[in-house]
2 protein chains.
Amino acid sequence: MTSDDAAERQPSAGHQIAEAIRELILDGKLTVDQRLPGEQDLATRFGVSRPTVREALKRLAAQNLIRTRRGATGGNFVNRPTWSGAHDQLVATATLLMTMAPMPAETVAEARLSLLGACMPMAAERRGPEHLRAMRDEVARQRVADISDEDFCASDVRFHRVLVEATDNPLIAFQMAGVVEAIQPLLNMITYRERDRTRIADWNERLCDRLEARDVEGALAELSASADHTAQLAARAQEMRAAGGSGS
Amino acid sequence: MTSDDAAERQPSAGHQIAEAIRELILDGKLTVDQRLPGEQDLATRFGVSRPTVREALKRLAAQNLIRTRRGATGGNFVNRPTWSGAHDQLVATATLLMTMAPMPAETVAEARLSLLGACMPMAAERRGPEHLRAMRDEVARQRVADISDEDFCASDVRFHRVLVEATDNPLIAFQMAGVVEAIQPLLNMITYRERDRTRIADWNERLCDRLEARDVEGALAELSASADHTAQLAARAQEMRAAGGSGS
DNA sequence: CAGAATCAAATTGTCAAACAATTGATTGTT
DNA sequence: AACAATCAATTGTTTGACAATTTGATTCTG
């Protein structure tokens with residue numbers, strides 16, 4: 001049974017201990033906010049030294065499973081998973097993947113269109129005035145002539161963030177985090193090099209109008225139109241790159 | 001400049017070093033498969049001791065950003081982000097959130113319906129015979145009378161895994177991982193306690209039929225119907241819990 | 001000369017003991 | 001009773017050493 005582990009690779013003690021504690025947390029043996037035994041205590045329990053235990057604890061801390069406090073009442077405590085923490089982690093993972101594992105722009109655009117489209121019915125039904133206002137604010141910001149590329153991208157991300165929050169379903173907002181925070185910037189990267197930012201702002205504004213009218217079909221049409229445009233730009237960019245990218 | 005850090009909280013040296021190296025990787029200063037300097041080397045560069053550097057490296061290892069090998073040509077190397085690695089990380093995050101941050105079953109069911117629904121057009125268009133066969137295999141497994149709850153749930157997860165893979169868009173499959181691997185089991189948890197597994201299998205089978213016929217509307221209808229049923233069960237379960245949960 | 005066994009070197013893994021820094025609790029003082 | 005100084009517990013960090021593992025060069029043998 002254990003031959004697999006032994007044959008392949010022997011995980012380090014730190015890794016094993018981290019896994020063991022992780023199991024305890026996931027199985028509910030250690031409840032939220034509960035304090036773990038002290039590092040020295042853990043060291044003797046697991047039969048290793050304190051630095052080894054510390055490596056294991058730092059692994060868990062990197063995964064946001066525990067937090068550490070110094071001082072008299074300090075120690076290592078089980079973290080309560082939070083939406084924002086999980087959100088950040090998902091964004092980090094998705095961003096890394098987008099940055100370092102390039103893929104066809106069509107694939108990216110399609111994923112954005114499909115998943116964002118799934119949010120439209122709920123967003124149209126439940127959007128409140130505050131959502132419309134926030135989105136229109138961003139559109140206004142996007143229309144400023146001398147806005148930097150960076151600011152434009154950030155504004156577009158905020159726009160979409162509000163859009164998914166308008167669904168009033170935190171689970172969907174969480175699931176969409178990868179799309180909003182990683183995919184959308186990637187598409188903006190292609191797009192605003194082509195100086196079509198005005199068109200994007202136009203689409204965003206029309207999307208606001210449709211949501212204000214609670215017009216799901218119209219909103220989907222706007223989304224689809226903008227996706228088509230993005231796909232064309234992506235195709236052109238790829239073409240240019242393939243033909244004579246060094247031209248300019 | 002440094003007053004911010006001092007005023008708020010002083011992150012540990014290990015944390016700072018991990019962040020610094022992480023930045024280097026994300027900014028492309030360290031390319032994939034590149035070897036980091038040795039631990040002793042890093043220690044002197046950052047002006048800390050070797051165990052401190054090791055804690056930082058273990059943090060990065062926990063995030064799958066680097067891998068470590070012992071021996072003469074060993075060291076710490078930058079990892080190439082992989083779909084499966086990112087997938088696993090996303091699933092871990094989503095599962096943790098589902099397990100330890102309970103939420104209304106309606107919210108969960110709605111998220112599943114919306115996001116899975118977004119996959120249907122592509123799945124219907126691009127599903128191959130191998131997808132249909134794999135899904136029908138799972139349905140057959142679900143119809144076995146004395147299947148364990150655990151096996152049924154695992155089979156249902158595999159069914160949905162194939163479903164999202166049928167979209168032939170790896171980014172969507174990645175984004176849907178949370179839904180398939182964390183949300184679906186949670187709903188099964190509610191559902192198969194009510195012994196409606198036959199009905200689930202029926203729905204899954206009809207879904208296969210619709211996808212075989214490339215009938216998007218029909219597939220969405222089946223999905224919607226099963227979601228309604230799940231919502232009812234969830235409401236009943238919640239009712240029972242609220243009324244006299246200790247009855248039985 | 002070719003190949004195999006052996007040894008050396010480089011690197012991470014682990015340990016031990018100690019000191020520093022931080023923070024809450026305690027105790028003493030006014 | 002209020003407040004300040006001290007204390008104790010705990011994590012953060014350092015130093016130094018040795019063990020385990022892997023690779024590559026070296027040396028021995030046929």
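So you know, we letter chains A, B, ... as the sequences are listed, proteins then strands, and number each from 1.
Here dT12(C) presents its P atom at 14 Å from CG of L60(B), a figure rounded to the nearest Å. A straight line from CD of E39(A) to P of dT22(C) spans 16 Å, rounded to a whole angstrom. Rounded to a whole Å, the CG atom of N76(B) is 18 Å from the P atom of dT21(D). Straight-line distance from the CZ atom of R70(A) to the P atom of dC19(C): 18 Å, rounded to whole Å. Atom CG in L57(A) sits roughly 14 Å away from atom P in dT13(D) (whole-Å rounding). Across the protein-nucleic acid pair, I17(A) atom CD1 and dC15(C) atom P stand 8 Å apart, rounded to whole Å. Rounded to whole Å, atom P of dT11(C) lies 10 Å from atom CZ of F77(B). Between the C1' atom of dA10(C) and the CG atom of D41(B) lies a distance of 13 Å, rounded to the nearest Å.
Mapping E55(A) and G74(B) onto DNA chain C by nearest heavy atom places G74(B) closer to the 5' end of the strand.
Inspection of the Q34(A) and T31(A) side chains reveals an N or O donor paired with an N or O acceptor under 3.5 Å. Side-chain contact annotation: N169(A) with T107(B), donor-acceptor N/O pair under 3.5 Å absent.
Comparing dT11(D), dC15(C), dA9(C) against the side chain of R35(A) picks out dT11(D) as the nearest. Nearest to the side chain of A72(A), among dT14(C), dA10(C), dT23(C), sits dT23(C). With distances taken from any side-chain atom of T73(B) to the nucleotides dG12(D), dT12(C), dG24(D), the minimum falls on dG24(D). Among dT14(D), dG12(D), dT12(C), the nucleotide with an atom closest to any side-chain atom of T68(A) is dG12(D). Each of dT14(D), dT12(C), dC15(C) was ranked by its minimum atom distance to the side chain of S49(B); first place goes to dT14(D).
Heavy-atom contacts from other residues, nucleotides or ligands closer than 6.0 Å to CZ of R80(B) number 12 or fewer. Applying the 6.0 Å contact sphere to CZ of R67(A) captures more than 12 heavy atoms from other residues, nucleotides or ligands.
When atom types are taken as modelled, the side chain of T52(A) and the backbone of V48(A) share no donor-acceptor pair closer than 3.5 angstrom.
In this structure, R69(A) reaches the sugar-phosphate backbone alone: every heavy-atom distance under 4.0 Å involves primed, P, OP1 or OP2 atoms, never a base.
The side chain of T52(B) places an N or O atom within less than 4.0 Å of a non-bridging phosphate oxygen (OP1 or OP2) of dT14(D). Applying the 4.0 Å criterion to OP1 and OP2 of dT11(D), one finds that R54(A) has every side-chain N and O outside that range.
One can find a donor-acceptor pair under 3.5 Å joining the base of dG13(C) and the side-chain atoms of R50(B).
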